[in-house]
Structures are given as C-alpha cells and as structure tokens.
Number of protein chains: 4
Amino acid sequence: MNDIETPVVIINLKTYTQATGEKAVLLAQVCERISNHYDVPIVVAPQIPDLYRVAKAVEIPVFSQHMDPGEPGRYTGHTLGETLVEAGCAGTLLNHSEKRMQLADIEASIDKAGKLHLYSVVCTNNIAVSVAAACMHPWSIAVEPPELIGSGISVSQAQPEIISGTVEKIRAVDKEVIILCGAGISNGDDVSAAIKLGAQGVLLASAVATSKKPEDVLTDLVSPLSK
Amino acid sequence: MNDIETPVVIINLKTYTQATGEKAVLLAQVCERISNHYDVPIVVAPQIPDLYRVAKAVEIPVFSQHMDPGEPGRYTGHTLGETLVEAGCAGTLLNHSEKRMQLADIEASIDKAGKLHLYSVVCTNNIAVSVAAACMHPWSIAVEPPELIGSGISVSQAQPEIISGTVEKIRAVDKEVIILCGAGISNGDDVSAAIKLGAQGVLLASAVATSKKPEDVLTDLVSPLSK
Amino acid sequence: MNDIETPVVIINLKTYTQATGEKAVLLAQVCERISNHYDVPIVVAPQIPDLYRVAKAVEIPVFSQHMDPGEPGRYTGHTLGETLVEAGCAGTLLNHSEKRMQLADIEASIDKAGKLHLYSVVCTNNIAVSVAAACMHPWSIAVEPPELIGSGISVSQAQPEIISGTVEKIRAVDKEVIILCGAGISNGDDVSAAIKLGAQGVLLASAVATSKKPEDVLTDLVSPLSK
Amino acid sequence: MNDIETPVVIINLKTYTQATGEKAVLLAQVCERISNHYDVPIVVAPQIPDLYRVAKAVEIPVFSQHMDPGEPGRYTGHTLGETLVEAGCAGTLLNHSEKRMQLADIEASIDKAGKLHLYSVVCTNNIAVSVAAACMHPWSIAVEPPELIGSGISVSQAQPEIISGTVEKIRAVDKEVIILCGAGISNGDDVSAAIKLGAQGVLLASAVATSKKPEDVLTDLVSPLSK
C-alpha cells in the first residue's frame with residue numbers, strides 16, 4: 001500500500017466553485033502535469049459527485065473527501081468504500097474538520113479502507129487526537145489545527161511545535177504511518193518548514209483550489225520537494 | 001419544474017452491490033428502456049459517486065440520494081446542489097430514513113434545490129411529518145413507514161390509511177406537491193393500490209435493485225401506469 | 001394544557017456560569033418573584049442536570065432545554081420525557097439552534113410531550129420552518145433568526161417582518177399554537193414590539209442569565225405585559 | 001484522581017423506568033449499602049436529570065451517562081463538566097454505544113474532565129478503538145462489544161480474547177488507565193472471569209437496573225471482589 005511515495009502533496013478541492021465539475025477535472029490535470037514535471041507525488045481530492053470523472057481523466061491518485069463505514073446494502077446516501085473503488089478512487093480523507101466522524105466509525109472506515117486497498121488519511125486537530133488516530137493504523141495522519149484552516153497562516157510556521165510534537169508522539173506508538181501537515185499551507189516556504197519539522201507531506205486546499213494561477217502555486221509548493 | 005409527469009416511479013439504488021458502478025449504469029439503462037417502452041416516467045437514484053457516469057449514460061432523470069444544504073466553499077465531504085447540477089442530476093432525495101436530516105437543513109435544501117431547478121423529494125415517516133414537510137414546498141413527499149422499508153410488505157396494502165391520510169392532510173395545506181408512496185412496494189399490485197389511495201407514484205429500492213431480473217420487475221411495476 | 005397563560009416570558013439559562021447549579025436556583029427564584037409581583041407568567045429553562053433542584057425550589061413552570069424522543073429502556077445519555085416529568089418539569093424546548101434536531105425526532109418528541117402533558121416549544125429559524133413545525137402541533141413555536149441570537153439586536157425591532165410573517169403564515173394552518181419571538185430580546189421595548197407584531201410572548205437568554213441585576217432586567221421586560 | 005479503588009463496579013442505570021427519578025435514588029442507596037457492606041467500590045450512573053438528587057442521597061461516586069465538550073456559555077441543551085461538578089458528580093461515561101461521540105469531542109471531554117477532577121470512562125467497541133481511546137488518557141476504558149450489550153451473554157465468557165487482547169494492547173501504550181469489561185455482565189462468575197482476564201472492574205446495566213431484587217444481584221456481582 002505504500003506505492004504513493006513521500007513527500008506527498010494532497011490537494012483538497014472542498015466545495016469550491018472553481019474546483020467543481022469540469023473545473024475539478026481541469027485542476028486535477030494541472031496537478032498531474034506539475035506532479036509529472038517535478039516528480040513529486042500529488043493527490044487530488046474532489047467532491048464525491050466529481051470522483052468518477054476526475055479519476056477517469058488523470059492518472060495521479062484521486063481521493064474521496066469522505067467515506068462512511070458500513071457494508072453494501074441499505075445505506076441510502078452513504079459513501080461506501082466499495083463504491084469509491086468502482087469510481088476509480090485510490091483513497092479517502094476521513095474525519096476532516098468540516099466532516100467530523102465518530103471514533104468507532106473512523107476505526108471501521110480505516111479497517112475497511114485497508115481491506116479494499118484504499119489509502120486512508122485521518123485528519124486530526126491536535127497532538128493527542130493524532131496519536132489516538134495513529135493507533136488505529138491508517139495510511140496517514142494529517143494534523144490540522146482547525147483555527148488555522150483556510151487562514152493563510154501556516155501551522156508549520158505559526159505553531160511548529162504542533163508538527164514536531166505530533167511527529168514525536170506518533171513515532172512512539174507507530175513507525176510507519178505517514179504524517180502530513182495541514183492548515184494554512186500556501187507556499188513553498190510553508191512546505192519546507194513542514195518537512196524540516198518531520199512531516200512527510202502536506203494537505204492543503206484553498207491556496208490551490210481558489211487560485212487564479214494554480215499552476216504557479218503548485219510549482220512553488222512542490223519546488224522544495226523536487227528530486 | 002413539473003416536467004417530470006406523474007404517475008412516476010423512482011428507483012433508489014441504495015448501496016446495493018448489484019447497483020454500484022458499472023452495474024448502476026446498466027440498471028439505469030434498463031429503467032430507461034422500460035420507461036420509454038411503456039411511456040411511464042422512471043427516475044433512478046444511484047449512489048453519489050456514481051451520479052456522473054449514470055447521468056452521462058441515460059436520458060431519464062437521475063436523482064441524488066442526498067443533498068446537503070450550504071453554499072460552495074469550505075464544506076469538505078458535503079454534497080452540494082451546485083455540484084449535483086454539474087454532475088447532470090435532475091433532483092435529489094432528502095431525509096431518507098437511512099439519512100435523516102435536521103428540520104432546518106431540510107428546509108434550506110428544498111429552498112436551494114428550487115433555486116437550482118432541482119427536483120426535491122422529502123422522505124417522511126408518518127402523516128404528521130409528511131404535512132410538515134409539505135409546508136416547506138418540496139417538489140414531492142414520499143411517505144415511508146420505516147418498519148416497512150425493505151420488508152416486502154407494501155404500505156399501500158398493509159397500511160392504506162397512511163397513504164390516504166397523508167394525501168388528505170397534505171391536500172389541506174398544499175395542492176401541488178407530488179405525493180409518493182414508499183416502503184415495501186414490490187409489484188404492480190402494490191403500485192395500483194397506491195395510485196387508488198391517491199398517491200401519484202412510488203419510491204422503491206430493493207425489489208428492483210437486488211432483482212436478478214429487474215426488467216421483469218419494472219415491467220410489472222409500471223404496467224398499471226402505462227398509458 | 002393551556003394553563004400557562006399568555007403573554008409569556010421564557011428565560012433560557014443556557015450553560016452560563018452565572019446560571020448554573022445553586023445560581024440557577026437563585027435566578028429561578030428571582031423569576032418567580034417578578035412573575036408573582038407583576039402577574040406575568042415566566043418560565044425558566046435551566047440546564048438538564050439542574051432541572052430537579054430548580055423545580056424543587058420554585059412553583060413557576062420549569063422547562064428542559066432539550067428532550068430526546070424514545071421510550072424508556074436502552075438509551076444511555078438520552079433525556080426522556082418520562083424522566084423530565086419525574087424531575088418536576090412542566091415542559092421542554094425542542095430544536096434550539098444550539099441543539100438542532102432531525103425532523104422525525106421533533107415530531108416524535110412533540111407527540112411524546114403531549115402524551116406526558118409536557119409543554120413543547122419548538123425553536124425555528126425562519127418563516128417556512130415555523131409553519132412546518134406548527135403543522136406538528138407543539139404547544140408553542142419560538143422563531144429565532146440564528147444570526148440575532150445573543151446579538152443584543154432584537155428580531156422584533158430589526159426584522160419585524162419575520163415575526164409578523166410567521167404569525168400570518170402559521171395562523172393559516174393552526175389557530176392555537178402559541179407564537180413566541182426569540183433572538184436578541186433584551187428589554188421592555190423589544191417585548192412591546194414583539195407583542196404588537198402578534199407574538200404571544202418572548203424567549204430570551206443572555207439579557208437575563210448574564211445580567212448582574214437580573215431583577216431589574218426582568219422588571220423592564222415584563223412591564224409591558226403586566227395586567 | 002485514583003481515589004476510586006479497583007476492582008470497581010459501575011452500574012449504568014440507562015433510561016430504565018425502574019431506575020428513574022425516586023427509583024434511581026432508591027437503587028443508588030442499595031448500591032451504597034452493598035458497597036459499604038462488602039467494601040467493594042460501586043459507582044452509579046443515573047440519567048442526567050436525576051444526577052443531582054442521586055448525588056445528594058448517596059456518598060458513593062455518581063457518574064453522568066454523558067458529558068459534552070465545550071466551555072460555559074451558549075450551548076443550550078449541552079451537558080457541561082462544570083455543571084456536572086455543581087450537581088455533585090464525580091465523573092462521567094463518554095462515548096457509550098448508545099451515545100457515540102466524535103473523536104475530537106472525546107479528546108476534548110477527557111481533557112476537560114481531567115481539569116475539573118472528574119473521572120472519565122470511555123466506552124469502546126473493540127481492541128483497536130480501546131487503544132486509540134487509551135492514548136487520550138482518560139481515567140478508564142470500558143470495552144463493550146455492542147452486539148453483547150444487554151444480551152445476558154458475558155463478553156468475559158463469550159469473547160475472552162477481547163478482554164485479554166484489550167489489556168495487552170492498552171498496556172503497551174499506557175500503564176495507568178483502568179480497564180473495565182462491559183457488555184453482558186450479569187453475575188459473579190462473569191465478574192470473576194473478567195478479573196482473571198486482566199480487567200480491573202466491570203460496567204453493567206440491565207442485570208441490576210431492571211432486576212426485581214437488585215440487592216441480590218449486586219451481592220452476587222461483588223462477592224468475587226470482596227476483600
């Protein structure tokens with residue numbers, strides 16, 4: 001399951017108008033070009049109704065923004081892992097601060113994702129929650145202090161101790177989980193700072209998804225990671 | 001917005017394995033053939049990740065199984081109306097018993113659906129809730145006593161007073177809303193009984209979505225409605 | 001069930017420190033003195049753990065801030081109507097903007113409250129939701145535009161059309177439900193304005209619960225209602 | 001905070017009619033007599049509206065069935081730690097299978113409980129979730145496979161590997177957290193089996209709360225623990 005190499009950049013398209021429908025496809029294609037050109041893994045997470053068309057259009061990994069636990073059957077409106085696989089997804093975010101999940105459902109979803117060979121990224125809000133999430137062995141943890149999400153203030157620069165503390169505490173219980181830094185990441189300096197603190201990548205949204213020049217923003221973001 | 005004529009048959013694909021991904025497309029195409037052949041409107045409601053591919057493949061109306069309220073922007077994992085429109089949807093179920101919604105969110109979603117020219121079907125569990133939902137002016141109300149959903153016992157035959165009572169009480173406050181009968185509908189007799197009680201159509205799932213011969217089931221279902 | 005006369009003033013103590021535990025008892029006693037002195041019905045809604053001690057201490061009606069639907073049995077952590085009755089409550093708020101409920105649960109709770117002879121007040125956020133709630137026949141509807149709650153800006157003065165519109169639209173479907181005005185009510189002028197617009201009382205919180213002189217605030221509030 | 005000694009027996013009164021209001025007080029007094037007579041710590045967890053009257057009536061520890069995170073202020077209908085303290089509670093259950101909580105809220109509630117010197121017991125459904133919960137350092141973890149809750153089939157006898165596995169995996173990350181065994185505990189043999197597997201106590205409900213002879217049931221339950 002570790003075919004997605006690190007450092008990795010995950011772009012969450014949220015529900016931004018500029019990243020919906022055909023525009024999600026175009027933005028994913030920009031991500032793909034930058035990923036290929038700089039040889040840095042970029043993952044794109046479009047809205048759930050856009051997953052199929054985006055996954056058809058690009059070869060970089062496409063993640064869902066959410067996944068529900070549960071088996072196929074009577075779950076109207078739920079987003080099951082099996083259906084994500086059919087749609088061409090490679091993985092999913094879980095427990096994003098805008099879509100918080102119950103503890104038992106996070107664990108069940110991580111477990112299900114593993115069985116379906118889907119990458120799982122659990123979003124967390126502080127060090128203690130990050131360690132708890134790591135104990136359930138997802139592919140990755142993305143620590144995002146909620147007050148910095150969408151703020152333009154990078155957690156890696158404003159609260160570096162959250163990243164370094166998360167890395168230290170998680171490594172005491174799990175050596176393998178990928179640790180990402182989210183919240184407020186908007187440029188290459190933020191990425192560099194995150195990597196120096198021990199993160200293996202970043203999760204970001206608005207800086208790319210709402211940019212008029214996403215290609216330029218992405219280029220700046222991945223430049224510290226290029227091999 | 002009343003271009004979908006009544007009586008109408010809505011097929012909810014839920015999260016059945018037999019109606020996921022490419023199989024959802026094939027099933028929607030069966031629905032389309034039957035709809036065209038018998039000149040009875042059939043709507044199909046696939047899982048959200050399957051909406052785009054199904055909507056691309058058929059010309060009958062495709063509904064989402066759920067829609068969240070809210071405007072584009074920071075709502076990771078939410079299913080917004082604008083995105084449903086981009087995916088080719090014509091409407092959405094709301095408040096299905098497997099995806100219950102808060103009162104204020106139902107109202108906001110109905111309002112949003114109207115602005116986006118999306119059909120909205122609010123699922124309800126009894127007469128009082130049906131009347132309350134009708135006061136918020138969705139396109140349609142589908143009354144489904146939860147204990148009969150998936151039971152194979154038709155509400156139109158087992159509890160006819162729920163259908164007739166819903167029709168009577170709703171008509172006292174709203175003349176236009178489409179009234180559908182859900183829960184346990186599995187054959188043409190159930191459909192006939194529903195229509196006789198004043199319903200303008202049916203909402204069903206397992207009888208079609210899990211059938212080995214959906215074409216036969218659909219033919220039986222629509223035969224009382226054929227013109 | 002209409003033993004609580006109108007116009008009525010309901011004081012929601014929320015979870016304010018100044019209105020917790022023994023302080024909730026003292027504040028309820030102030031409400032009782034003002035209610036008796038001016039002959040205006042005042043209802044107090046303390047936090048759920050405080051219900052019993054407040055109900056023991058005063059004879060004015062004590063309402064819960066929330067009630068869950070469901071029958072006695074296996075519902076750890078739920079607040080059932082039967083237990084509210086045992087605690088001495090006379091009624092309950094439902095669907096407060098800080099404790100939104102699913103549509104089906106609101107209906108079930110109103111129904112249960114009626115069977116237990118508990119007064120039910122459904123909080124709503126706009127005209128359409130108010131009418132929907134009225135169709136489920138609670139004792140009362142309290143319309144509170146969420147953006148004004150706790151603002152100090154009175155809905156009765158800032159958005160009078162919401163009150164008059166709610167009264168007009170509700171009366172088209174229900175003649176009996178008590179219509180209250182909430183959100184931003186802080187003084188007697190706000191109360192007068194609400195009554196003139198057709199409301200039969202007010203629901204408020206911070207102006208009383210966080211005041212250093214609640215007796216003065218209450219005196220001002222009820223003065224326009226005194227007989 | 002470890003003044004409650006182990007092994008400990010926690011009795012969850014749920015919302016059983018036989019354990020509501022004055023009957024909750026009487027049952028708590030029975031628990032107190034047995035606790036004192038056999039010198040075994042017994043904790044009682046009544047419904048939230050009953051907390052104050054039960055805490056006034058007994059000296060054994062009284063726990064809430066639930067606690068919400070958040071600070072005093074605008075949280076209508078929430079059950080805050082500060083209010084539990086004022087009501088005389090010594091602690092709280094969190095994340096019971098009938099009141100599941102979001103991961104971030106569990107962590108915030110554990111943290112808040114610690115600051116308020118309230119004991120926190122996080123209910124969990126399997127080994128992985130138990131370890132995750134333990135990483136957030138509550139006072140105690142109560143592992144309860146949901147399918148056995150209320151079944152009369154004891155987890156300690158039917159699925160002993162869940163208890164022994166939970167103990168082993170939790171001890172790898174935390175030496176201090178109290179580990180309780182829940183689900184299906186109904187007699188002294190179940191308690192003995194749990195203790196032998198490494199549990200430091202039990203959490204149970206129906207066997208005591210719905211019994212016509214709770215004194216006899218409690219006597220049997222604590223007999224293996226008496227010093």
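Basis for what follows: all heavy atoms, side chains included, without hydrogens, waters or symmetry-related copies. In what follows, chains are A, B, ... by sequence order, proteins preceding strands, each numbered from 1.
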Q. Which one, A/His66, A/Arg53, A/Gln65, leads in non-hydrogen pairs under 4.5 Å with chain B?
A. A/Arg53
Q: Fit a plane to each ring of A/Tyr52 and B/Tyr52, take the angle between them on a 0 to 90° scale, and name the class: parallel (under 30°), tilted (30 to 60°) or perpendicular (over 60°).
A: tilted
Q. Salt-bridged, A/Lys23 to B/Glu86, with N to O below 4.0 Å?
A. no
Q: Would you mind telling me which of A/Val54, A/Val44, A/Val58 makes a side-chain contact (heavy atoms from CB on, under 4.5 Å) with A/Gln29?
A: A/Val58
Q: Could you have a look at B/Gly21, B/Ala87, B/Pro49 and say which one has the most heavy-atom pairs with chain A under 4.5 angstrom?
A: B/Pro49
Q. Among A/Lys99, A/Lys14, A/Glu98, A/Lys56, who wins on heavy-atom pairs under 4.5 Å with chain B?
A. A/Glu98
Q | Region of B/His96 that comes under 4.5 Å of a non-hydrogen atom in chain A | A | side chain
Q: Sort A/Leu13 into side chain, backbone, both or neither according to what part of it lies under 4.5 angstrom from a heavy atom of chain B.
A: neither
**Q.** Distance-only polar pair, side chains of A/Thr20 and A/Gln47, donor-acceptor under 3.5 Å
**A.** yes
Q. Is the backbone of B/Leu80 close enough, under 3.5 Å, to the side chain of B/Asp68 for a donor and an acceptor to pair up by distance?
A. no
Q. Out of B/Val85, B/Thr15, B/Thr83, which one racks up the most heavy-atom pairs below 4.5 Å with chain A?
A. B/Thr15
Q. Mind checking whether B/Leu116 and B/Glu82 have side chains closer than 4.5 Å, heavy atoms only?
A. yes
**Q.** Top contributor to chain A interface from B/Cys89, B/Ser64, B/Ala45, B/Gly73 [non-hydrogen pairs under 4.5 Å]
**A.** B/Gly73
**Q.** Contacting region of B/Thr17 [heavy-atom separation from chain A under 4.5 Å]
**A.** both
(Q) Please identify, among A/Asn12, A/Thr92, A/Leu51, the residue contributing the most non-hydrogen atom pairs under 4.5 Å to chain B. (A) A/Asn12
**Q.** chain A interface, residue from B/Ala24, B/Pro72, B/Cys123, B/Ala19 that has the most non-hydrogen pairs under 4.5 Å
**A.** B/Pro72
Q) So do B/Leu203 and B/Cys181 actually touch side chain to side chain, heavy atoms under 4.5 Å? A) no
Q | Qualifying residue for side-chain contact (heavy atoms from CB on, under 4.5 Å) with A/Ser130, from A/Ile179, A/Val143, A/Asn125 | A | A/Val143
Q. Is it the backbone or the side chain of A/Glu22 that comes under 4.5 Å from a heavy atom of chain B, or both, or neither?
A. backbone
Q.
Shorter than 4.5 Å, heavy atoms on both sides: which option in B/Glu71, B/Arg74, B/Met67 has the most such pairs with chain A?
A. B/Arg74
